[in-house]
Amino acid sequence: MVKKKNSRKYKVQALVHLTILIAIILLLNVISTFVYSRLDLTEDNRYTLGYSTKQMMQGLDDIVYIKVYLEGELPAGFRKLQESTRELLDELEVYSGGMVQYEFIDPLAGKDAKDKRYIMEQLQGQGLEPVDLEVAGDEQTIRKVIFPGAILTYRNRSVPVSLFENQMGMAPLQVLHNSEVGLEYQLANALRRVRNTWKPDVAFIHGHGELDTIHTADLRQELRNYYRVSDLNLTQYKVEKLQEYEVAIVAKPDTTFSEVDKFKIDQFIMNGGKVLWLIDRLKADLRSLGPDGTGLTNDYPLNITEDLLFGYGVRINPDLVQSMQAGFIPIVTGTSGGRPQTSLKKWVFYPLAGEDAPHPIVKNSNPVMLKFSNSLDTVKVENVEKTVLLSTSPNSRLVYNPVRINLQMVRENPNPALFNKGQIPVAILLEGNFTSVFRNRLAPQTLESGQYGDVREKSDTTAMIVVSDGDVASSQISPDGRQVLPLGYDRYTNQTFGNKTFILNCIDYLAGHSGLLALRTKEIRMRMLDQARVKENKVIWQVINTVLPLVFLILFGIIYNYVRKRKYS
């Protein structure tokens, strides 16, 4: 009787516990529809979106449809990139409240050769770049073209986004890893571009021999996706005109600035304006060499380097940087059939500069190719912080004005012992409160006007970037002179350097998009297996992964049966 009563009591308790459990689950489900939260337990927070991305997702007021062309038979590295993309899109979908929708497709699957060509042309026309792959099959290795990118569509606008960032000189695994790290930035930046309704104003300063609109055409075209781009001849406008712009670009001037023009730029900075300086201190150009292939450098008649930049905290030195890590130039090495034969030779005056600090402007970017660049020094200025963005390779040296340039140098192997200057800064970011260089002296404009009005002597917090090369923003022109090539593309080596990305990142940072750029600083560690140890202990790891689970399962069964017999026997 007692035994039967206890059994009924246990059944009631079990029923109560089950009812409570179901109630808790239902309650949690109801709460989860109102409150969203996720825990990212990874050490490097790889599944945590940046603050600017979350804000962007929460601000969506219409559907963003993303078509990802990363599907089908892919090598292992690209499958991992595909999976990371899918995980990130899942996060974006959740944080956007369902406003982000996506699909993965293989655009070339099941198509014949003619249709494939047509689709590939269409995708390239939309801005996606193809990648040639070798895919290992069961019996043979086949070549395959994929488009590791996506098209974002918001309302009636579409923009391409590349999910694969090819980087020169890096191992394929590292490139794929960096592409995974940069996914959030690429998608967020594309979303910013497709939703961009307000564009800050950016001005190319003119009137002092700056780069023309042809050589900056590709840069301008890219900038117009995010900014309203204008040309401003300083001499034609008053000081107040510059205040309409967020960022001013001074690209390779070669003549003297009048006092009034210097005053206009100075007061632009004092009022919070940002400036990207792309300055050559010395006149050095392959086109200026004589018939014997030699020439001497001389100073540009610039007065802004000493009058303005030195006062703000940077000195551009009258020298040229040479580096053993450099670009190439074509040289005639002989004739064949009466026609000149050319070959590419390394040219130490074209240094390749890379990141010197883990700054979002330069992180994970391709090297930037400079031409006849000068060295930069920082000058102690109170309340101004300096960050070196780009430096040359450790095997660099300086040659001082006047520098003799001789094309015959390419036929000689550089002596590594001479390239012992170490890394030389060629791009520096200045941030802080600048002091007017017109402080304690009357401004020319006020003298001319006779009105001693508002002259700011101290700026609010602002920023500027100084690059000791103007050609960094100049595109090459096709041999027939009809086409402007993409900025950073070298038609001699068919390589694309990081010039365009660097300049765009500089403008973004100066224009106040540092939150988005900060996504580039995200660190996700590559947790690579030690291939040597894996090979050495292959059998042990196979046993651990296959036999050990079975042993645990058998032991659990034995112990469970033993306990059960003891309890109920």
Side-chain angles (χ1 to χ4, degrees), residues 49 53 56-57 60 62-94 96 98-137 141-167 170 172-195 222 225 364 366 486 496 500-501 519:
L49 295 180
T53 308
M56 209 177 286
M57 291 302 106
L60 288 176
D62 207 340
I63 298 294
V64 176
Y65 186 73
I66 304 175
K67 190 177 286 186
V68 185
Y69 298 99
L70 201 56
E71 186 63 89
E73 193 176 4
L74 300 169
F78 278 91
R79 284 204 302 273
K80 192 167 182 296
L81 179 64
Q82 177 198 50
E83 190 58 33
S84 297
T85 306
R86 197 186 303 276
E87 289 170 353
L88 176 60
L89 290 173
D90 284 339
E91 291 289 315
L92 298 181
E93 184 179 15
V94 171
S96 67
M99 287 295 186
V100 171
Q101 299 177 3
Y102 68 88
E103 70 169 331
F104 282 72
I105 63 171
D106 181 356
L108 306 180
K111 302 290 190 299
D112 59 26
K114 183 180 177 182
D115 287 343
K116 282 184 179 179
R117 280 198 302 274
Y118 175 76
I119 293 171
M120 288 167 65
E121 288 173 1
Q122 292 289 312
L123 292 176
Q124 286 182 281
Q126 289 179 285
L128 296 182
E129 293 296 327
V131 172
D132 278 313
L133 295 176
E134 287 188 351
V135 180
T141 298
I142 59 172
R143 294 193 65 81
K144 183 177 182 180
V145 176
I146 67 168
F147 286 84
I151 298 292
L152 271 75
T153 303
Y154 177 76
R155 294 179 177 168
N156 58 349
R157 296 187 62 196
S158 296
V159 298
V161 54
S162 175
L163 306 175
F164 178 69
E165 292 184 87
N166 200 1
Q167 292 175 282
M170 283 197 177
L173 278 179
Q174 184 66 49
V175 172
L176 282 163
H177 173 74
N178 289 345
S179 299
E180 287 181 53
V181 175
L183 279 177
E184 185 180 345
Y185 170 76
Q186 295 294 345
L187 287 168
N189 194 39
L191 189 57
R192 165 197 162 203
R193 180 178 164 186
V194 78
R195 293 184 64 220
E222 194 68 33
N225 292 320
N364 291 335
N366 275 328
T496 300
K500 187 192 291 187
T501 302
L519 298 176

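Quick caveat: nothing in here was measured; it's all calculated off a predicted structure.
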Original post:
Can you name the residues that form a side-chain contact (heavy atoms from CB on, under 4.5 Å) with Leu89, not counting sequence neighbours?
Top reply: Ile66, Val68, Thr85, Leu92, Tyr102, Phe104, Leu187
Original post:
What pairs with Ser162 under side-chain contact (heavy atoms from CB on, under 4.5 Å), at least two apart in sequence or on another chain?
Top reply: none
Subject >> CD-CD distance between Glu83 and Glu180, expressed to the nearest 0.5 angstrom >> reply: 10.0 Å
Original post:
Taking side chain as C-beta onward, heavy atoms only, is Pro107 less than 4.5 Å from Leu123?
Top reply: yes
**OP:** Could you check if a side-chain atom of Met56 sits within less than 4.5 angstrom of a side-chain atom of Thr53, using non-hydrogen atoms only?
**Re:** no
Original post:
Is any side-chain heavy atom of Val100 less than 4.5 Å from a side-chain heavy atom of Leu60?
Top reply: yes
Original post:
Roughly how far apart are Phe164 CZ and Asn178 CG, rounded to 0.5 Å?
Top reply: 10.0 Å
Subject >> Tyr69 OH to Ile105 CD1 distance, which is reported to the nearest 0.5 Å >> reply: 4.5 Å
Original post:
Any side-chain heavy atom of His177 within less than 4.5 Å of one from Val181?
Top reply: yes
Original post:
Atom CZ of Arg79 and atom OG of Ser84: how far apart are they, to the nearest 0.5 Å?
Top reply: 13.0 Å
Original post:
Under a 4.5 Å cut-off applied to non-hydrogen side-chain atoms, are Leu176 and Lys80 in contact?
Top reply: no
**OP:** Could you check if a side-chain atom of Leu108 sits within less than 4.5 angstrom of a side-chain atom of Ile119, using non-hydrogen atoms only?
**Re:** yes
Original post:
How many angstroms lie between atom CG of Leu88 and atom CG of Leu49, to the nearest 0.5 angstrom?
Top reply: 6.5 Å
Original post:
Is there a side chain to side chain contact (heavy atoms under 4.5 Å, CB included) between Gln186 and Asn189 once you walk through the steps?
Top reply: CA-CA 5 Å; Gln186 295 294 345; Asn189 194 39; 5.5 Å; no
Subject >> Rounded distance [0.5 Å steps], CG in Asp62 versus CZ in Arg195 >> reply: 10.0 Å
**OP:** Go through the structure and list residues passing ring pair (Phe, Tyr, Trp, His ring centres under 6.0 Å) with Tyr118, not counting sequence neighbours.
**Re:** none
**OP:** Would you confirm whether Gln82, through its side chain, and Leu70, through its main-chain N or O, come within 3.5 Å as a donor-acceptor pair?
**Re:** yes
Subject >> Partners meeting salt bridge (charged side-chain N to carboxylate O under 4.0 Å, His left out) with Lys111 (sequence neighbours left out) >> reply: none
Subject >> Contacts of Asn156 that satisfy side-chain contact (heavy atoms from CB on, under 4.5 Å) - sequence neighbours left out >> reply: none
Original post:
Under a 4.5 Å cut-off applied to non-hydrogen side-chain atoms, are Leu183 and Leu163 in contact?
Top reply: yes
Subject >> Arg117: side-chain contact (heavy atoms from CB on, under 4.5 Å) partners, not counting sequence neighbours >> reply: Ala113, Lys114
